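Below: one structure, written as structure tokens.
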Amino acid sequence: MYYTYYFSSMAKQIPPIITFLSLLILLFMIPITTGTKKSSYGVRSYHNSLKLFVFGDSYVDTGNFLNSPSYKPPYGITFPHQPSGRFSDGRVLTDYIAWSLNIKSPAPYSLRNSSELQYGINFAYGGTGVFNTFLKGPNMSIQIDKFEELIKQNIYSKSDIDSSVALVSSAGNDYFQYLFIDGRNIKDILDFGASLINQLSLNLKRIHSVGIKKITVGLLQPIGCLPVITTPSSFAKCNETLNMLVTKHNELLLKTVQDLNKESGSVIVTLDFYKSFLSVIETMQKKHDVANVLQPCCVPESSIYQCGSVDERGEKKYSLCDKPELSFFWDDFHPSQNGWDAVYKMVQNPLLQI
Ligand SMILES: *[C@@H]1O[C@H](CO)[C@@H](O)[C@H](O)[C@H]1NC(C)=O
Ligand SMILES: *[C@@H]1O[C@H](CO)[C@@H](O)[C@H](O)[C@H]1NC(C)=O
Ligand SMILES: *[C@@H]1O[C@H](CO)[C@@H](O)[C@H](O)[C@H]1NC(C)=O
């Protein structure tokens, strides 16, 4: 996920959106498009440790989106106590999955030159989708291209890859692009969803054909409950129309994964973010630790700002809750570390049971 940018400004005022957009586009044209034609990694190879390769969006990005708000305060205040490129106050899903595999969180691809690659590489990039999104980050196909380029350079051995795990997140940016940026009609969305899952399935096949046998892929979270959607109702309730759409998406994805497992001998397991998000939200609401679980910890002052915005004088244009450790959502789109922790505990890592 990661559409905070335009989304928060969507409600009002066209001009700021446009300025913001052009600024963003300028910013994001710069990084990462040229890959790694020549080996820049020397001859070192990284053996003897299970490796995790990560593809997708901001739910799993741990630092690829340089210059994004995730590299600015207050992101990272809980962990690692400073902004680290994670779209949360602390750890994100990748960190929990890596922890369950007994390895360190893999290095972000953008930081590869200065990082240990022995635990794998994180290619995920905030704001991206299976298809292109307006934020212009590398879509999932491009992320897999980069992975293939690296594999061709033999920095990992075949047996390394054989024992590796992939984590894939496709948490809805494609739907946000379709509905709210492109302004397409929701009645055609099932067709769009089918083409989305078709492409996602091709992506999973590619990851498998490189040699990764175990792949874990997230089902779509209840998008209708994200703060960016519930803001107009003062976080009173989830949008059931959107959640219904998510249910359909997930049914199709589950079916597709079953078919893939039958035909290709891959082991693709799913993490049910739909059920787990809803269940955690419900449980937390009952505990009454916070007034409203649907309200994020970091709230922009108005719709032209976002979490992390400051004005020309450096004044914060957002407010923070007192206790991020009690929140479920951190910002308009993303769970807090507390949220991820609780969700992770519900889904665990099904790969460990195989
Ligand atoms: C990594 O290093 C190579 C050569 O040493 C350079 O061409 C490349 O741009 C660097 N990548 C990043 C992201 O700094
Ligand atoms: C991914 O991005 C590249 C570069 O913009 C584009 O050519 C390709 O069509 C995109 N892939 C998908 C599946 O949309
Ligand atoms: C739910 O979201 C859909 C799609 O954006 C929108 O058309 C609908 O009005 C929303 N429903 C409510 C109750 O806000």
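Counting convention: from 1, in listed order, for ligands and their atoms alike. Keep in mind that what you see is a predicted model, and the values were worked out from it rather than measured.
Per-residue contacts place V130 under 4.0 angstrom from the following atoms of ligand 2 (heavy atoms of the residue considered): 12 (C), 13 (C). Close contacts of ligand 2 with S141, meaning ligand atoms under 4.0 Å from a residue heavy atom, involve 11 (N), 13 (C). Residue F180 approaches ligand 3 through these ligand atoms, each under 4.0 Å from one of its heavy atoms: 5 (O). Near F131, the atoms of ligand 2 lying under 4.0 angstrom from a non-hydrogen atom of the residue are 13 (C), 14 (O).
Atom 13 (C) of ligand 3 is never approached by the protein to below 4.0 angstrom, counting heavy atoms only. Distances from atom 9 (O) of ligand 3 to the protein include no heavy-atom value under 4.0 Å.
Taking the six-membered ring wherever Trp is involved, the centroid distance between the rings of F134 and F180 does not fall below 6.0 Å. If you look at Y178 and F131, their ring centroids are not closer than 6.0 Å. Less than 6.0 angstrom separates the ring centroid of W340 from the ring centroid of Y59. Proximity of the aromatic rings of F147 and Y109 is defined here by a centroid distance below 6.0 angstrom, and this criterion is not met.
The protein heavy atom nearest to atom 4 (C) of ligand 2 is I142 CD1, 4.0 Å. Shortest contact from atom 5 (O) of ligand 2 to any protein heavy atom: N132 ND2, 3.2 Å. When hydrogens are left out, the protein atom nearest atom 1 (C) of ligand 3 is N239 ND2, 1.4 Å; that is the closest non-hydrogen contact.
The N/O atoms of Q199, backbone and side chain alike, include none that comes under 3.5 Å of an N/O atom in ligand 2.
Of the residues D95, T62, T94, the one that meets the side chain to side chain donor-acceptor pair (under 3.5 Å) test with S105 is D95.
If you check the gamma sulfurs of C298 and C321, they are not less than 2.5 Å from each other.
The residue among T128, N198, N139, D174 with a heavy atom at the shortest distance from atom 3 (C) of ligand 2 is N139.
In summary, the side chains of N203 and Q199 do present a donor paired with an acceptor at a separation below 3.5 Å, with no hydrogens or angles considered.
Taking a cutoff of 4.0 Å between a charged side-chain nitrogen and a carboxylate oxygen, D162 and K51 do not qualify as a salt bridge.
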